[in-house]
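Mind looking over this structure? Questions follow.
Each ligand, and each atom within it, is numbered from 1 in the order the structure gives. The basis for the numbers below is simple: all heavy atoms, side chains too, and nothing from hydrogens, waters or symmetry mates.
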Amino acid sequence: MNYILFGKTGLTVSEVGFGGIPIIRLDEEAAVAVLRRAYESGITFYDTANAYRDSEKKIGRALGDVRDKVILATKTLCRDAPGAVEQLENSLRMMKTDYIDIYQLHQIAQEEDWQRVTGTGGALEAVVKAKEQGKIRYIGVTSHSLSMAIKLVQTGLFSTIQFPFNFIEDAAKEGLHTAARERGMGMLAMKPFAGGMIDNARIAFKFLRQHPDVLALPGFDTPERVDEVVSFYERPNTVTDEDTKLMEKYHLELGKQFCRRCEYCQPCPEGVMITAAMGYKVIAARMSPKVAIEFSKIPMESVSLCTECRECVERCPYELPIPDMLKVHYELYEQHKAENS
Ligand code: SF4
Ligand code: SF4
């Protein structure tokens, strides 16, 4: 494993980090085994969030005895100071530590979020105070909105920015990445597999490794997956013409508008299983239409409940026209049903 200096934090981190979402679905023993394999393989950066259920607790249990050897990053979705303090204290307890290396304001997407966290009594106030008290070493921020992410970088208030970055969602490549580097900020790449849309880890990491000061945060759910990803980082990175062509093929297949499965749009008041239904086209391409119509039957049948109220559109950080997209997936599902009846 190689180690890099991460932006102006001065922190030395492994070239790849550990994203704390998939360990949510593991029991505690299995999660500890995956985390320990990552640590023993040289991964020193662990990112989680107060919102990721028991992810912090599992990290605390697995890495509590090696706390001084790892970098811990977590986040709060709270916009007000009391809420942020409560969540920070909870994170410290869960992760069995008295300091967080990088504490991030989570998912600042809209201007309203920004006004609330920076207003009097906002979360930023509490986080700055906690830094002065030594409970936080560096303050970071995360966003799914490119224009907001650039604005956040330009404030100069943060040491790191976390943003979706992969060869499909590569909007950060120029503006955001450049702006962050100019300010000496490290960029944490969330969703290295585009929320499951990229099923070729080899090229996913080839793309990310081309960008300096970018730390990829893949999630792991088995020790074998850790071994696989670490093996990519043990080889020099060369992107061949064949790799580029393969990346272009994914681009063509998915287009610009696709669901990243972040689930921020949920719940639908009518019970539409939005995330599962939005993946139908890819599932059909990968599994074959015949298998997909059975596999996706329940979510696809729920699409007919949509009243086009657009509540989900308001919540989608990618501003996807969800009801229209659901219709397209549903039509394809109906077509596949007719062809396979
Ligand atoms: S637009 Fe349709 S899918 Fe979206 S919240 Fe409303 S009913 Fe649910
Ligand atoms: S529709 Fe938007 S908010 Fe919902 S899961 Fe997909 S990307 Fe996320």
Side-chain angles (χ1 to χ4, degrees), residues 19-22 24-25 47 49 51-53 55 75 77 79 104-114 141-149 162-172 176 188-199 204 217-219 250-251 253-286 292 295-334:
I21 292 181
I24 297 170
R25 61 176 177 261
D47 180 74
Y52 301 165
R53 297 188 194 164
S55 173
K75 334 177 174 75
L77 272 169
R79 303 308 189 215
Q104 301 154 95
L105 298 177
H106 196 176
Q107 175 59 339
I108 305 296
Q110 311 291 337
E111 188 55 33
E112 188 196 337
D113 299 317
W114 180 238
V141 66
T142 87
S143 184
H144 286 74
S145 155
L146 184 62
S147 54
M148 178 56 81
Q162 184 165 164
F163 193 78
F165 192 43
N166 52 69
F167 68 79
I168 293 170
E169 297 167 273
D170 60 357
L176 180 60
L188 294 161
M190 67 167 101
K191 303 190 192 303
F193 307 122
M197 295 294 161
I198 300 171
D199 58 2
L217 296 175
Y250 275 85
H251 262 289
E253 191 180 307
L254 291 165
K256 283 266 179 224
Q257 286 190 330
F258 67 96
C259 171
R260 280 78 169 174
R261 298 200 277 186
C262 65
E263 306 224 330
Y264 287 121
C265 54
Q266 311 276 15
C268 160
E270 307 301 330
V272 177
M273 296 168 72
I274 303 172
T275 317
M278 294 281 267
Y280 182 75
K281 188 178 168 193
V282 172
I283 289 169
R286 301 230 169 100
F295 182 84
S296 301
K297 185 173 176 193
I298 296 172
M300 293 319 292
E301 295 298 337
S302 76
V303 172
S304 59
L305 302 171
C306 178
T307 56
E308 303 194 27
C309 70
R310 301 185 71 78
E311 270 188 36
C312 53
V313 179
E314 299 293 316
R315 292 196 288 259
C316 176
Y318 304 98
E319 297 168 7
L320 297 180
I322 298 171
D324 300 340
M325 291 175 74
L326 286 173
K327 267 189 218 159
V328 173
H329 286 284
Y330 189 73
E331 279 164 18
L332 187 63
Y333 167 71
E334 285 287 301

query: So which heavy atom in the protein is nearest atom 3 (S) of ligand 2, and how far is it from that ligand atom?
result: Cys265 N, 3.4 Å

task: State whether Cys259 contributes an N/O/S atom found under 2.8 Å from atom 6 (Fe) of ligand 2.
output: yes

Straight-line distance of Glu319 CD to Glu314 CD, nearest 0.5 Å: 9.5 Å

- request: Heavy atoms only: give me the nearest Gly271-Ser302 pair and the separation to one decimal.
  value: O-CB, 3.9 Å

- request: Over all heavy atoms of both residues, which pair between Ala277 and Val303 is shortest? Give the atoms and the distance, please.
  value: CB-CG2, 3.6 Å

- prompt: Quick one: nearest non-hydrogen protein atom to atom 5 (S) of ligand 2, plus distance?
  reply: Glu263 N, 3.1 Å

- prompt: How far apart are the closest heavy atoms of Pro299 and Ala276, and which atoms are they?
  reply: CB-CB, 3.5 Å

message: Would Gln162 and Leu217 count as a side-chain contact (heavy atoms from CB on, under 4.5 Å) here? Give the steps.
response: CA-CA 10 Å; Gln162 184 165 164; Leu217 296 175; 3.5 Å; yes

- prompt: For atom 8 (Fe) of ligand 1, how many protein N, O or S atoms come closer than 2.8 Å?
  reply: 1

task: Quick one: look up the protein heavy atom nearest atom 1 (S) of ligand 1 and list residue, atom name and how far away it is.
output: Arg310 N, 3.2 Å

- prompt: Numbering the atoms of ligand 2 from 1, which are under 4.0 Å from a heavy atom of Pro317?
  reply: 3 (S)

- request: Please answer whether the main-chain N or O of Phe167 pairs with a side-chain N or O of His251 as donor and acceptor at a distance below 3.5 Å.
  value: yes

message: If I compare all heavy atoms of Ile168 with all of Ala194, which pair ends up nearest, and what's the gap?
response: CD1-CB, 4.3 Å

- request: Tell me, yes or no, whether the heavy-atom count around Arg315 atom CZ, taken from other residues, nucleotides or ligands under 6.0 Å, exceeds 12.
  value: yes

- line: re atom 2 (Fe) of ligand 2, the protein heavy-atom contact at minimum distance is Cys316 SG, 2.4 Å

- request: Pull out every atom of ligand 2 sitting under 4.0 Å from any heavy atom of Tyr318, numbered as shown with elements.
  value: 7 (S)

statement: shortest atom 8 (Fe) of ligand 2-to-protein heavy-atom contact is with Cys262 SG, 2.3 Å

- prompt: Looking only at heavy atoms, what is the nearest atom pair of Phe163 and Ser143, with distance?
  reply: CD1-O, 3.1 Å

message: For Phe295, is the CZ atom crowded, meaning more than 12 foreign heavy atoms sit under 6.0 Å from it?
response: no

